[in-house]
Amino acid sequence: MEELGAPSSASSGASSGAPADSKAGYVLSNVAEVVERILTFVPTKALLRAARVSRLWRNCARRVLKTQQQMSWLSAFGTSRYEEHVLLGAMEEGLETKYLLPLTALLMVDSEHFNGHNGSYRHKKARKCQDEEESDALDRLRRLLPKSCDILCIVTPGIVLTPTGLPCTTPKEFMEGEAGFSLLFPAMDGVQIRPFHFCKKSLNQESLEEAGLTGNPDLKVVLLFGYHAYKSGAALFLNKLLEPLARSNVLIAGGHVEKACIQQKDCCSPGSFGVVGLTLSGSRIQGASVLLDQDVSSPKAAEVTIRRLKAASIPERNTVGFMFACVARGHNHYNNEHNVEADTFHKIFPSVPLFGFFGNGEIGCDRIVKENYTLSETDANGLQHGYTTVMSLVHLG
């Protein structure tokens, strides 16, 4: 995706190509109100190209971009027609019609098909092939998204997504099959979203403060994903990170995944464990989460638990739902009944899109973060679970 830059030198002032006797040409070259109104109907990628017409058009495009502060998303499932994950093709097409300039992109894709494309199957080739494939995917994302966009891609056994379109579309659980989504966050007044990545070489008090995880009074939500958590030392490492967060007035949600593809990973040794995620800071942010424990095994019990989110009275406009579930749940946990938890969430929050994954362990607890108070206290151990689902709401103001 292109960046908003200066207009070409041939058109820095009024457009010289418009005929002198053309009223429309005069208006489009000189009347900012008209140009700005027209540009509000232009998708962002086309808007960035239009900004090159003249200095007037560039300034109008900048003002239009500042109004595009709603989070959006692209999702895909089914078999890809190309030798790449189905989400990447959907993003190439879908970004042409989006009305926002993403500053942060959070992607989640299923591990079977993301690892399997281009012939780089995990069990058939060495790790070098996996690393090359990961690099190829990130290069592809960098070409699709703006250079200034922070990209975090999570690879996990199963995916939960809301199909591209309206928030009222019913979300779907994919415990198998090719599926993925990309959450696109633009610049938003009063909201700051920052990615973070820690491995055993980089986790220290200074790096926590730099990432905004400590010493940040505006921190409201942390989405946190651990990878290679089965390796020796990973549990102790994660506790070291979770301890200060458990004591803070912050909503924490996430889980353990198979892989995290990030832009900067130079500090990690090949195959080492680590943690990635996003911090969401700002006085306008609110959130709530509930834990569906192992005993919640019927649609009725799931509804009773998820309705506790409704009681938190989180605004539902400009809000996104997250579902981080154990890979052993889904239809396996509900007597072969599919999509139970996603359907239940949609029943209670029909206008809120839902995204997440099925992974190898869940992070979160019952907690409300609203205005100037937080309801629920726990410790690092109370944030880590198995055979559960963490269901969350995050309101972006």
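For this chain, numbers begin at 1 and follow the sequence in order. Bear in mind the structure is a predicted one, so any value in this text is a computation, not a measurement.
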Please tabulate, for side-chain N and O atoms in residues 218-226, each donor-acceptor pair with protein atoms closer than 3.5 Å (sequence neighbours left out).
none

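- Within a 6.0 Å sphere centred on CD of E206, other residues, nucleotides and ligands contribute 12 heavy atoms or fewer.
- The shortest side-chain heavy-atom distance between L47 and L65 falls under the 4.5 Å cut-off.
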Inset, instruction - Show the numbers, then the answer: is there a salt bridge (Lys or Arg N to Asp or Glu O under 4.0 Å) between R307 and E303? - result: CA-CA 6 Å; R307 280 199 178 278; E303 181 174 346; 3.1 Å; yes

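- For the atom pair L278 CG and R194 CZ, the distance stands at 11.5 Å (nearest 0.5 Å).
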Inset, instruction - Apply side chain to side chain contact (heavy atoms under 4.5 Å, CB included) to the pair V390 and L291, showing each step before the final yes or no. - result: CA-CA 5 Å; V390 175; L291 182 71; 3.8 Å; yes

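- Atom-to-atom distance recorded for M391:CE and L354:CG is 6.0 Å, nearest 0.5 angstrom.
- Here the side chain of D150 pairs no donor or acceptor atom with the backbone of F196 at under 3.5 angstrom.
- Taking 4.5 Å as the limit, some side-chain heavy atom of L396 sits within range of a side-chain heavy atom of L280.
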Legend entry - Check against side chain to side chain contact (heavy atoms under 4.5 Å, CB included), V275 and L203: CA-CA 10 Å; V275 171; L203 182 61; over 6 Å; no

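- Between the side chain of T164 and the backbone N or O of S75, at least one donor-acceptor pair lies under 3.5 Å.
- Counting heavy-atom neighbours within 6.0 Å of R37 CZ, excluding the residue itself, gives a total of 12 or less.
- In this structure, K98 contributes its side chain and W73 its backbone to a donor-acceptor pair below 3.5 Å.
- By the 4.5 Å heavy-atom criterion applied to side chains, F114 and L107 are not counted as neighbours.
- Taking the side chain as every heavy atom from C-beta outward, L106 and F355 never approach each other to under 4.5 Å.
- Relative ring orientation between H197 and Y227 is described as parallel, the plane-to-plane angle staying below 30° on a 0-90° scale split at 30° and 60°.
- Remark: side-chain polar atoms of E258 are not paired, donor with acceptor, to backbone N or O of S111 under 3.5 angstrom.
- Contact annotation: the side chain of L161 never approaches that of M108 to less than 4.5 Å [non-hydrogen atoms, C-beta and beyond].
- The two residues S207 and F198 come nearest to each other via the heavy atoms OG-CE2, 3.4 Å.
- A donor and an acceptor atom, one from each side chain of S281 and N216, are located under 3.5 Å apart.
- Formation of a donor-acceptor pair under 3.5 Å by the R142 side chain with backbone atoms of I151 is not found in this model.
- In this structure, L383 and C365 approach most closely via the heavy-atom pair CD2-SG, 3.8 Å.
- Taking CE of M323 as the reference point, atom OG1 of T344 lies at 9.0 Å (rounded to 0.5 Å).
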Would you tabulate the side-chain donor-acceptor contacts of residues 326-334 under 3.5 Å, counting partners in other chains and residues two or more places apart, or write 'none'?
unit_1, atom_1, unit_2, atom_2, d
R329, NE, E341, OE2, 3.1
R329, NE, T389, OG1, 3.0
R329, NH1, D293, O, 3.2
R329, NH1, H333, NE2, 3.3
R329, NH1, Y387, O, 3.1
R329, NH2, V296, O, 3.0
R329, NH2, Y334, OH, 3.0
R329, NH2, E341, OE2, 2.8
H331, ND1, N336, OD1, 3.3
H333, NE2, Q294, O, 3.3
H333, NE2, V296, O, 3.0
Y334, OH, E341, OE2, 2.6

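- When all heavy atoms are compared, the tightest approach of A179 to I159 is O-CG1, 3.6 Å.
- For the ring-ring contact (aromatic ring centres under 6.0 Å, His included) test, no residue two or more places apart in sequence or in another chain qualifies with F185.
- Residue V369 is grouped with residue V394 when hydrophobic side chains (ILVMFWY) are merged at heavy-atom distances under 4.5 angstrom, including chains of intermediate members.
- Smallest separation of non-hydrogen atoms from G359 and T156: CA-OG1, 3.8 Å.
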Distance-only donor-acceptor pairs under 3.5 Å for side chains of residues 312-320, two or more places apart:
unit_1, atom_1, unit_2, atom_2, d
E316, OE2, K310, NZ, 2.7
N318, ND2, G397, O, 2.9
T319, OG1, P315, O, 2.5
T319, OG1, R317, O, 3.3
T319, OG1, H395, ND1, 3.0

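- With rounding to the nearest 0.5 angstrom, the CG atom of D343 is 7.5 Å from the CD atom of E173.
- Rounding to the nearest 0.5 angstrom, the gap separating the CG atom in D295 from the OG1 atom in T305 is 10.0 Å.
- For the atom pair CG of L236 and CG of L241, the computed distance is 12.0 Å after rounding to the nearest 0.5 Å.
- Summarising the local packing, CD of E210 is surrounded by 12 or fewer heavy atoms from other residues, nucleotides or ligands at distances under 6.0 Å.
- Put simply, V352 and I368 are part of two different groups of oily side chains (I, L, V, M, F, W, Y) that touch within less than 4.5 Å, one to the next.
- P186 places none of its side-chain heavy atoms less than 4.5 Å from the side chain of L101.
- Remark: the backbone N or O of V31 is not paired with any side-chain donor or acceptor of Y26 at under 3.5 angstrom.
- Here the shortest heavy-atom pairing between C60 and A32 reads SG-O, 3.6 Å.
- Within the 4.5 Å cutoff, the side chain of M188 has heavy atoms near those of the I193 side chain.
- Crowding of K172 atom NZ: a count of heavy atoms from other residues, nucleotides or ligands under 6.0 Å not exceeding 12.
- Separation of the F324 and F357 ring centroids falls under the 6.0 Å cut-off.
- For E96, the salt bridge (charged side-chain N to carboxylate O under 4.0 Å, His left out) test picks out K45, R49, with sequence neighbours left out.
- Between L309 and I348, the closest side-chain pair of non-hydrogen atoms is not below 4.5 Å.
- In the hydrophobic cluster analysis, where Ile, Leu, Val, Met, Phe, Trp and Tyr join through side-chain heavy atoms closer than 4.5 angstrom, F345 is grouped apart from M71.
- Here the shortest heavy-atom pairing between L74 and G94 reads CD2-CA, 3.7 Å.
- In the hydrophobic cluster analysis, where Ile, Leu, Val, Met, Phe, Trp and Tyr join through side-chain heavy atoms closer than 4.5 angstrom, L183 is grouped together with V276.
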Inset, instruction - Go through the steps for M91 and L141 under the test side chain to side chain contact (heavy atoms under 4.5 Å, CB included), then give the verdict. - result: CA-CA 9 Å; M91 288 182 65; L141 289 170; 3.9 Å; yes

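- In this structure, V290 is a member of the same hydrophobic cluster as F358, with clusters built from ILVMFWY side-chain heavy atoms closer than 4.5 Å.
- Looking at D110 and H85, their side chains do bring a donor and an acceptor atom within 3.5 Å of each other.
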Inset, instruction - Please assess T40 against T67 for the test side chain to side chain contact (heavy atoms under 4.5 Å, CB included), listing each intermediate value before the final yes or no. - result: CA-CA 9 Å; T40 60; T67 68; 5.7 Å; no

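- Under the ring-ring contact (aromatic ring centres under 6.0 Å, His included) criterion, F174 pairs with F77, not counting sequence neighbours.
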